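Following this message is one structure expressed as structure tokens.
Order of listing sets the numbers, starting from 1, for every ligand and every atom in it. What you see is a predicted model; the values in this text were computed from it and never measured.
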Amino acid sequence: MTFDQLGLSQPVLQALDLKGYSEPTPIQTQAIPPVLEGRDLLGIAQTGTGKTAAFMLPSIDRLRDAENQTPYKSCRMLVLAPTRELAGQIAQSAKDYGAMAGLKVHSIVGGTSVGKDRNKLHRGTDILVATPGRLLDLIDQKAFRLDAVEILVLDEADQMLDLGFIHALRKISELVPKDRQTLFFSATMPKAIQDLVGQYCRNPVKVSVTPAATTAERIDQYLFMVQQDEKQALLEMILSERHKVPGKFARVLIFARTKHGCDRMVKKLAQAGIPANAIHGNKSQPQRERALDEFKRAKTPILVATDVAARGIDIPGVSHVINYELPNVPEQYVHRIGRTARAGADGVAIAFCAEDERAYLKDINRNTDAEFERLPLPDNFRAVVEGVGPTKPEPKQQRGQRVQPRPKGGAAPAGEARDKPKRKHPSRAGKPRHGGQGRPQGGAGNPGGGQRSRRSGGGGQRREG
Ligand code: AMP
């Protein structure tokens, strides 16, 4: 299948040529023809599948065909996205794909000047990518209307609900014209999302590229059972490669549950001579952009993030995702590990599970098709955690950075070998793993810093709009 067989126009095909896409991804093959026909669409797909182009390419063609004027203080296509980063990426894609189509593209997100947004949207735009909160701010200020919307896209709807945007979405659904086309995307389909689909879509064509809550096939998933206050030590051993894990490090994305936890982890990594950046809702937009940029360029290839900040981030070449804390929502695990193994690459996901996170692990096992291979702790882990064993090599001194001695003591007694053997997924039996071998040994100790892991936690979740 080629893009021109899907019925796309010449300007769009030219833009795709420039992007270097030679053939459509499965979701693009399935979604583009019905969207070109004007049908509503329900897409069940994770980021990394090419879903942005799946909705953006045919929409650009429909906007071109309709030849309506750019509406004053309104837009013709509205794309709603949960986070600033994702909104920025979608807007950039719209500009790239629509380069030859002469359409105006803007994005508005929380955390920036509302006044500037008001000014830039005064004359309207063809395509607007927005986070729901900021959009409603402008509507409330009578600076923007939704009465000219021809195409409405909800991207990562499940994440928008998780972030508490349900009321905003209900309100927006009342403000858009009834005869619009709706393209609805979600990685998972819990009941609340199904209700929302009923509210937004009319007889949608359903396109699913992976079943709901499926962990990406090309990701090898490993599990360490490790006490909460020993996680930092294990992390440092892994990142400094004193304890080998499968796969070659290129870019490592680490998920922590709280903003404070991210910052603390980055500080401790720095003390161990391992430079890393943090990205979360308390960081300013320039800080977030810089961290992402350094990660993309692999200048600082270790990024510590909360769920909300990492959502939708499209960075090729993430070799490892480390779940420093397990998410309390199983679907979130699927989203997190989906940051690796993008665009056909393989990936490695490593989960750290503490005693009080076993319930989350059980939930992940029950509600997703995750298959973990349990890895043993390093041989000398206990000794290193307690600060008496074979010590780690001197940390590499960063220029201008003071490497501080590792805190002694404070580590709780050993917890290894307390858990049952790993639940082996039947379909996984005999499947070769990344790198094949068993592994581990090495050691270090550093209290992980008491991050919460209560079921109700979710401290990293923050609305961004
Ligand atoms: P998305 O799922 O929309 O976040 O897209 C994931 C990544 O795949 C992005 O970096 C896109 O630029 C890229 N991509 C989308 N469609 C194609 C395609 N047909 N061929 C190659 N790369 C693509």
Side-chain angles (χ1 to χ4, degrees), residues 1-9 12-33 35-36 41-61 77 79-99 105 107 127 129 153-160 183-188 207-210 212 214-219 250-251 253 292-293 295-298 309-319 321 334-347:
M1 182 62 78
T2 59
F3 277 112
D4 36 354
Q5 285 171 308
L6 295 176
L8 293 166
S9 69
V12 168
L13 291 174
Q14 276 169 19
L16 289 176
D17 239 17
L18 286 178
K19 291 284 284 181
Y21 298 172
S22 50
E23 57 184 62
T25 64
I27 193 163
Q28 290 162 4
T29 309
Q30 294 174 60
I32 290 173
V35 176
L36 279 174
L41 184 88
L42 170 58
I44 304 170
Q46 295 171 272
T47 48
T49 53
K51 68 182 162 65
T52 313
F55 67 73
M56 199 50 88
L57 301 173
S59 298
I60 287 170
D61 269 351
M77 176 177 183
V79 183
L80 296 173
T83 63
R84 303 171 199 172
E85 278 76 18
L86 183 58
Q89 274 171 205
I90 297 170
Q92 189 54 52
S93 297
K95 285 176 190 162
D96 293 348
Y97 302 144
V105 179
S107 71
I127 300 174
V129 187
V153 180
L154 284 91
D155 198 14
E156 311 224 339
D158 47 356
Q159 180 72 357
M160 287 201 273
L183 314 176
F184 193 111
F185 289 86
S186 185
T188 54
V207 167
S208 172
V209 288
T210 47
T214 295
T215 50
E217 280 169 13
R218 290 186 310 274
I219 304 175
R251 288 180 195 76
L253 184 56
L292 271 182
D293 180 59
F295 190 59
K296 277 184 188 160
R297 291 189 290 120
R311 184 69 187 180
I313 289 176
D314 174 34
I315 295 168
V318 175
S319 56
V321 168
V334 180
H335 293 313
R336 286 181 177 187
I337 69 165
R339 307 293 101 204
T340 180
R342 293 166 85 80
D346 283 344

With no hydrogens and no angle check, is any side-chain donor or acceptor of S186 less than 3.5 Å from a backbone partner on I44?
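Between the backbone of I44 and the side chain of S186 there is no qualifying donor-acceptor contact (under 3.5 Å).
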N or O contact, E23 vs ligand 1, cut-off under 3.5 Å
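Between E23 and ligand 1 (N or O atoms, distance only) the closest approach is under 3.5 Å.
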Any non-hydrogen atom of Q89 lying under 4.0 Å from ligand 1?
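Contact check Q89 vs ligand 1: negative.
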Testing the basics here: between L6 and L36, what is the closest heavy-atom pair and its distance to 0.1 Å?
O-CD1, 3.3 Å
Could you say whether the N/O atoms of T49 and ligand 1 ever approach to under 3.5 Å?
yes
Please check if the side chain of R251 supplies one atom and the backbone of F295 the other of a donor-acceptor pair under 3.5 Å.
yes
Give the intermediate values and the outcome of side-chain contact (heavy atoms from CB on, under 4.5 Å) for residues Q28 and M1.
CA-CA 10 Å; Q28 290 162 4; M1 182 62 78; over 6 Å; no
Could you list the atoms of ligand 1 found under 4.0 angstrom from a heavy atom of T52?
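Answer, ordered by atom number: 1 (P), 3 (O), 4 (O).
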Based purely on interatomic distance, does S22 place a nitrogen or oxygen under 3.5 Å from a nitrogen or oxygen of ligand 1?
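Looking only at distances, the answer is no, because the N/O contact criterion of under 3.5 Å is not met.
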For ligand 1, does F185 get within less than 4.0 Å through its side chain, its backbone, both, or neither, judged by non-hydrogen atoms?
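F185 to ligand 1: no contact under 4.0 Å from either part.
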Quick check: closest heavy atoms across Y97 and A15, and the distance to 0.1 Å?
O-CB, 3.4 Å
T52 side-chain N/O to I90 backbone N/O, donor-acceptor pair under 3.5 Å:
no
F3 neighbourhood, listing ligand 1 atoms whose heavy-atom distance to it stays under 4.0 Å:
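Selected atoms, number and element: 19 (N).
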